[in-house]
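Only one structure is covered here, and it is reproduced in the block below.
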Amino acid sequence: MSAEAGHGPRLRDLLAPPARRRLDELTAEISATPSAVATRFPAAARLVARGPVRPGDPSGLLGPTLEDLVRLVLLEALRDALADVPGRLAQEVTALYRFGDSDEKRAVLRALDRLDIGETAHDLLGDALRSNDPRLVAAALGPGGHRHLDQAGWRHGVLKCLFLEVPLAAVHRLAERADPELARMVGGFVVERVAAGRGVPADAWRVLGDHPPTVRALRAELRSPHADRRTAAELALAQRRDV
Amino acid sequence: MRIFDPHIHMTSRTTDDYEAMYSAGVRAVVEPAFWLGQPRTNPGSFLDYFDGLVGWERFRAARFGIRHHCALALNPKEANDPRCADVLDVLPRYLAKDGVVAVGEIGFDSMTAAEEEAFARQLDMAVAADLPVLVHTPHRDKAAGTRRTLDLVAASGIAPERVLVDHLNETTVDIVAASGCWMGFSIYPDTKMDEYRMVRILAEHGLDRILVNSAADWGRSDPLKTARTGRAMLDHGFDSDDVDRVLWRNPVEFFGQSGRLLLDDVAPDTGATFAGNSVLRGGGE
Ligand SMILES: [Zn+2]
């Protein structure tokens, strides 16, 4: 599920021999001429392979797609080729992201934990988290976001996932990194939704657990004079038992 | 009647147009990058436009059952503004993308030195990106512009069968036919070229290497002119296979040279979003 799936050997097993050969050619080309990445990175899905890695994740919300993994290999080749040129890797990764379509941007985000590009990674993740594109937001909370986002930015990213209905399974090491401040923010979101008589994503409870202030507020909503709010509170509390 | 409109600026059209096009049989289009009416003043304006052509517009078309491809380039008119020229440094990145099926529109507007330089440089880019080329011929001094166009194409070394010379009429069709390039005709609601004159040209020249488009944009134009030309062909006595050849198989053959047409079945649906925005719901958050 996480970027561990992105290691070269694993991808090679997923590729048919001709695709494997084309990937080797592209990697060799970028190692010899790093600037070739500008046109090879966008063309990589067409030239090598594309599609889901896991049948349960057709659009690559929870983890990398085949083309993400192909592009990761190209970025690792670029990283190694530019190891002696300070700043150059960050510059090219920024350009690949800026001029990338959604698929290319997602691949850059998913590779950020493998690239030592300092502040640049933080900037690209910030751009992704400002978008309303569920696939970019999900990718920004993968291993790259885990490594490069500060705690405040990471919490807002998790909350944005709930807003965009991105499953929290997309968030790398959620349980480990979740803190009381995140629970407070998610609790506020849940209570606000119920007060509007609206549904709550079940995944919210993965962060909340039995967060007492939230549970208390929802129990109070069970006695609301408004039927829609009572119903929303019942449904939300029932979801909590199911998680 | 299945229709591939090989030159239409959908960015300037509404979802009503997409619906009407779908009911008339349009299933695929190519949208060449061009002037927006209001001049751009910097490369960033082009890049945001290119992003829209490979992203949002492709998504919007798919919502109505139409496959959207694009051709990208610095257009002839704006090649004259030195503030825009740097877009050519970034263009190769965009030419590498999926669904980009040609370099275009390039060519001449006023036949200046700057236009010629951008034209020649982008012909080289097309060869490097292994893409065909869509060339616009000027509205003023069209015959001279078309001859100069064919000279530049010959000098560039690109194969003529990978070049589409567009907006032709009775006075320019013969020299393009002789060059081996493909011949494009834009059918307008006014006098530039109409569907009946188009049928006459087809009757005289045959159907080889001929493409018909609406070139519909933000000006007075009609996105259904391809369908109307098809009906005019049938009225004249062409059969439905002839119509299919001109309105579908010819554009597929020309742009298929890119290896990047996206013609697997697409049906309209109602739930998807692009970057969080849905066309059918009409907007963002
Ligand atoms: Zn045009």
Side-chain angles (χ1 to χ4, degrees), chain A residues 22 26 29-30 33 35-51 58-59 61 65 67 70-71 74 91-109 127-140 160-166, chain B residues 43-60 62 68-70 72 86-101 103 124-131 256 258-264 269 271-279 281 283-285:
Chain A
R22 283 193 298 276
L26 292 185
E29 186 184 351
I30 289 164
T33 316
S35 61
V37 78
T39 54
R40 295 313 195 181
F41 186 81
R46 183 172 76 243
L47 297 177
V48 182
R50 73 171 94 226
S59 60
L61 213 51
T65 59
E67 63 268 33
V70 168
R71 289 186 167 121
L74 301 189
Q91 214 176 21
E92 185 53 49
V93 170
T94 301
L96 291 173
Y97 182 88
R98 160 59 190 95
F99 303 123
D101 61 19
S102 301
D103 287 349
E104 296 159 44
K105 283 188 162 76
R106 190 189 61 219
V108 170
L109 295 168
D127 179 87
L129 290 175
R130 282 190 299 277
S131 81
N132 286 334
D133 189 329
R135 299 195 313 159
L136 292 190
V137 171
K160 187 139 188 176
C161 283
L162 289 172
F163 269 89
L164 295 177
E165 291 169 23
V166 170
Chain B
S45 287
F46 283 90
L47 300 175
D48 290 341
Y49 174 63
F50 295 165
D51 289 333
L53 290 179
V54 299
W56 172 247
E57 201 57 44
R58 188 182 304 168
F59 169 79
R60 207 165 74 103
H68 182 281
H69 313 84
C70 62
L72 299 179
D86 285 350
V87 71
L88 291 179
D89 297 335
V90 187
L91 184 58
R93 293 179 184 268
Y94 282 86
L95 296 180
K97 291 187 193 302
D98 294 340
V100 178
V101 295
V103 174
D124 291 343
M125 286 183 194
V127 173
D130 200 17
L131 283 176
S258 69
R260 301 193 210 167
L261 287 177
L262 313 162
L263 291 178
D264 44 309
D269 61 333
T273 60
F274 174 82
N277 297 328
S278 152
V279 182
R281 242 190 1 243
E285 253 185 358

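Hydrogens, waters and symmetry mates play no part in the numbers below; they use all other heavy atoms, side chains included. Lettering of chains follows the sequences in order, A, B, ..., and the numbering in each one begins at 1.
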Checklist line | Electrostatic pair A:Arg50:B:Asp98 at N-O distance under 4.0 angstrom | finding: yes
Notebook entry, point to check: Is any NZ, NE, NH1 or NH2 atom of the basic residue among B:Arg93 and A:Asp101 found under 4.0 Å from an Asp or Glu carboxylate oxygen of the other?
Noted result: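 A salt bridge is absent here (no side-chain N lies under 4.0 Å from a carboxylate O).
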Check: Shortest non-hydrogen contact from A:Phe99 to B:Lys97?
Finding: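 Nearest heavy atoms, A:Phe99 then B:Lys97: O-NZ, 2.8 Å.
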Heavy-atom distance under 4.5 Å to chain B: side chain of [X], backbone, both or neither?
X        : value
A:Ala44  : neither
A:Ser131 : neither
A:Leu96  : both

Check: Can any side-chain N or O of A:Arg40 pair as donor or acceptor with the backbone N or O of B:Ala96 at less than 3.5 Å?
Finding: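 No: the side chain of A:Arg40 does not pair with the backbone of B:Ala96.
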Next item on the list: Determine the option with the most heavy-atom pairs under 4.5 angstrom with chain B, choosing from A:Thr39, A:Val137, A:Leu136.
Entry: A:Thr39
Check: Given that the side chain runs from C-beta out, which part of B:Tyr94 has a heavy atom under 4.5 Å from chain A: side chain, backbone, both or neither?
Finding: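 For B:Tyr94, the side chain is the part near chain A, not the backbone.
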Check: At a heavy-atom separation under 4.5 Å, does B:Val90 approach chain A through its side chain, its backbone, both, or neither?
Finding: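 Answer is side chain: those atoms of B:Val90 sit under 4.5 Å from chain A.
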